[in-house]
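Accompanying notes for the structure given below.
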Number of protein chains: 2
Amino acid sequence: MGVRQAQKQQSRRALMDAGLRLLEDQNLTSLGVREVTRAAGMSPAGFYRHFRDMADLGVALVEESLASLHLLVRSVLEGRGGAEELIDRTVEIIELHVREHPAHVRFLARERHGGARQVREAIAAELDRFAEEVGAALALQSVSAGWGEGELRMLAELYVGHVVSTAAAFLEAPAGDPEAARRVAATARMQLRLVSLGRRHWKDA
Amino acid sequence: MGVRQAQKQQSRRALMDAGLRLLEDQNLTSLGVREVTRAAGMSPAGFYRHFRDMADLGVALVEESLASLHLLVRSVLEGRGGAEELIDRTVEIIELHVREHPAHVRFLARERHGGARQVREAIAAELDRFAEEVGAALALQSVSAGWGEGELRMLAELYVGHVVSTAAAFLEAPAGDPEAARRVAATARMQLRLVSLGRRHWKDA
DNA sequence: AATCTCGGCAAACAGTTGTTTACTGAATGA
DNA sequence: TCATTCAGTAAACAACTGTTTGCCGAGATT
């Protein structure tokens with residue numbers, strides 16, 4: 001890649017980083033072009049060399065935020081071991097991810113039902129893909145013997161929804177309060193265990 | 001109540017209605033004082049006779065939105081009947097509520113993780129109260145024999161989270177697509193059934 | 001009937017906003 | 001080496017923002 005392209009990407013990164021930082025205490029709809037460029041050390045007009053819109057910046061942030069999440073999902077699903085260990089590792093990885101990328105997680109939680117249609121749809125589409133991926137992984141587990149496609153899908157959606165809730169809960173726990181985080185983790189584990197129990201007895205009825 | 005107070009309340013309602021309408025396609029942080037007063041047919045300065053802030057308006061909307069939700073929770077929890085009928089009625093009532101108060105539900109979903117701290121905290125506090133209420137109701141059911149307080153609490157939080165997810169899912173279903181709404185309802189029922197199964201076998205282990 | 005209260009208004013304040021324009025100068029490629 | 005490309009700039013545009021001020025006139029109170 002040429003020097004030119006590298007410099008442009010650097011500016012783009014500066015804009016996205018500045019945007020992500022500003023979005024920690026405001027919504028995308030209220031984020032201004034001048035505000036972002038000012039924080040990124042760039043002139044207002046320069047913004048349009050990279051993004052058509054603010055929503056455009058938002059979509060780019062969605063892609064970036066969910067790329068790291070994809071790795072998370074993969075690493076959980078590929079794991080071997082009993083249900084109990086899988087649950088523990090899931091919750092651990094969620095907590096770790098929220099700690100390492102709080103701004104990304106906050107951004108996703110905030111804009112999932114936010115005011116920018118394009119961003120909402122981008123997040124929804126990606127969460128759908130997650131559900132599909134999780135569903136495919138669930139199908140391979142021996143507990144899912146005899147489960148129909150629809151049943152697997154609803155279970156996958158239950159899991160994805162739970163992951164989102166748990167991530168948001170970790171986010172709301174004060175940074176300097178490890179006890180609160182531990183409570184969130186304990187609750188999430190119990191809930192996953194309860195769902196796991198329901199799974200095992202689903203085909204009894 | 002005097003004529004004076006009645007007129008003031010009417011203006012207040014006009015502001016809140018206008019705000020709620022505008023918040024269907026934008027966030028509270030991007031909602032302006034002039035914007036609201038213009039939509040409510042009032043002069044900008046008049047706003048400050050009713051609210052200190054925009055966040056103040058937001059908190060008022062939270063109270064209004066959750067008042068109707070409280071009735072919903074009560075009517076579900078007071079119901080008699082088997083687990084299956086209770087699940088059906090729960091999902092029905094959620095759907096009905098979303099259909100009847102879409103703006104309120106959308107507002108709550110949007111500002112639950114939104115940019116205004118006061119509003120976020122108001123919603124979180126109220127959802128906590130819901131969880132407490134649900135937990136108390138769960139304790140009375142025979143299925144919960146032998147359950148500790150922490151276990152009941154985690155189950156209640158699981159239910160509340162599920163209700164919120166389901167309401168958001170109904171909201172995202174296109175208005176003119178009854179099939180999509182039916183799918184959401186079917187999924188929600190199955191998920192509740194699965195949780196119910198897990199509950200019944202919780203004390204086996 | 002006279003006084004007081006107070007919800008709503010017009011005007012002014014000093015900023016801010018998104019977007020377009022014509023431009024500069026460094027990286028690129030012949 | 002010289003022409004071209006193009007990321008970033010400064011300036012200008014009209015329109016918008018939150019909030020305060022003094023004022024009015026209709027309800028409330030005596």
Side-chain angles (χ1 to χ4, degrees), chain A residues 1-61 64 110-111 114-119, chain B residues 1-61 64 110-111 114-119:
Chain A
M1 182 186 336
V3 177
R4 199 85 175 254
Q5 290 262 345
Q7 286 176 342
K8 180 168 183 179
Q9 286 245 346
Q10 199 176 5
S11 297
R12 189 183 149 100
R13 280 229 56 81
L15 284 173
M16 289 175 67
D17 287 348
L20 204 59
R21 187 163 55 81
L22 291 166
L23 286 171
E24 299 227 41
D25 5 72
Q26 81 191 266
N27 282 111
L28 188 66
T29 35
S30 70
L31 185 58
V33 171
R34 296 184 108 103
E35 205 177 351
V36 176
T37 54
R38 194 185 311 130
M42 186 182 304
S43 98
F47 178 85
Y48 299 96
R49 301 285 185 199
H50 300 272
F51 305 101
R52 188 189 320 276
D53 249 351
M54 253 316 175
D56 205 17
L57 205 217
V59 171
L61 284 176
E64 185 178 79
R110 191 159 280 175
E111 300 304 329
R117 194 176 48 82
Q118 317 180 42
V119 176
Chain B
M1 182 188 331
V3 177
R4 199 84 175 252
Q5 289 260 346
Q7 286 176 343
K8 180 166 184 181
Q9 286 244 347
Q10 198 175 5
S11 297
R12 191 183 149 99
R13 281 227 56 80
L15 284 172
M16 289 176 68
D17 287 347
L20 203 59
R21 187 163 56 81
L22 291 167
L23 286 171
E24 298 228 40
D25 3 72
Q26 79 189 267
N27 283 111
L28 187 67
T29 35
S30 70
L31 186 57
V33 171
R34 295 184 108 103
E35 206 177 350
V36 176
T37 53
R38 194 185 313 129
M42 186 182 304
S43 99
F47 178 87
Y48 299 95
R49 301 286 185 198
H50 300 271
F51 304 102
R52 187 190 323 273
D53 247 354
M54 252 315 176
D56 205 16
L57 207 215
V59 171
L61 284 176
E64 186 178 78
R110 192 159 280 174
E111 300 304 329
R117 195 177 47 83
Q118 314 180 44
V119 174

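Side chains are part of it too, since the values below use all heavy atoms of this structure and drop only hydrogens, waters and symmetry mates. In what follows, chains are A, B, ... by sequence order, proteins preceding strands, each numbered from 1. Since the structure is predicted, the reported quantities are computational estimates derived from the model, not experimental observations.
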Residue whose nearest DNA chain D nucleotide is more 5′ - Met54(B) or Ala45(A)
Ala45(A)
Report the residue (Gly46(A) or Gly2(B)) whose heavy-atom-nearest nucleotide on DNA chain D is the more 5′ of the two.
Gly46(A)
According to a strict under-4.0 Å criterion, is Tyr48(A) in side-chain N/O contact with OP1 or OP2 of dT20(C)?
no
Side-chain N,O (Arg38(B)) to OP1/OP2 (dT17(D)) below 4.0 Å
yes
Hey, what do you get for CD (Glu35(B)) to OG (Ser30(B)), rounding to the nearest 0.5 Å?
7.0 Å
Measure from the side-chain N and O atoms of [X] to the backbone N and O of [Y], and report whether any donor-acceptor pair falls under 3.5 Å.
X: Arg12(B); Y: Phe51(B); result: no
X: Glu111(B); Y: Leu28(B); result: yes
X: Arg117(A); Y: Asp25(B); result: no

[X] [atom1] - [N] [atom2] separation (whole Å):
X: Gln5(B); N: dA28(D); atom1: CD; atom2: C1'; result: 11 Å
X: Met42(B); N: dA10(C); atom1: CE; atom2: P; result: 12 Å
X: Arg34(A); N: dA14(D); atom1: CZ; atom2: C1'; result: 12 Å
X: Glu35(A); N: dT17(C); atom1: CD; atom2: C1'; result: 10 Å
X: Arg13(B); N: dG8(C); atom1: CZ; atom2: C1'; result: 19 Å
X: Phe47(B); N: dT21(D); atom1: CZ; atom2: P; result: 18 Å
X: Gln10(A); N: dA27(C); atom1: CD; atom2: P; result: 13 Å

Just to be sure I understand the rule, does Gly32(B) reach a base, reach only the sugar-phosphate, or reach nothing, if contact means heavy atoms closer than 4.0 Å?
sugar-phosphate
If you find the nucleotide of DNA chain C closest to Arg12(B) and the one closest to Arg49(A), which residue's nucleotide is nearer the 5' end?
Arg12(B)
Looking only at N and O atoms, is any donor in the side chain of Arg4(B) or the base of dT29(D) less than 3.5 Å from an acceptor on the other one?
no
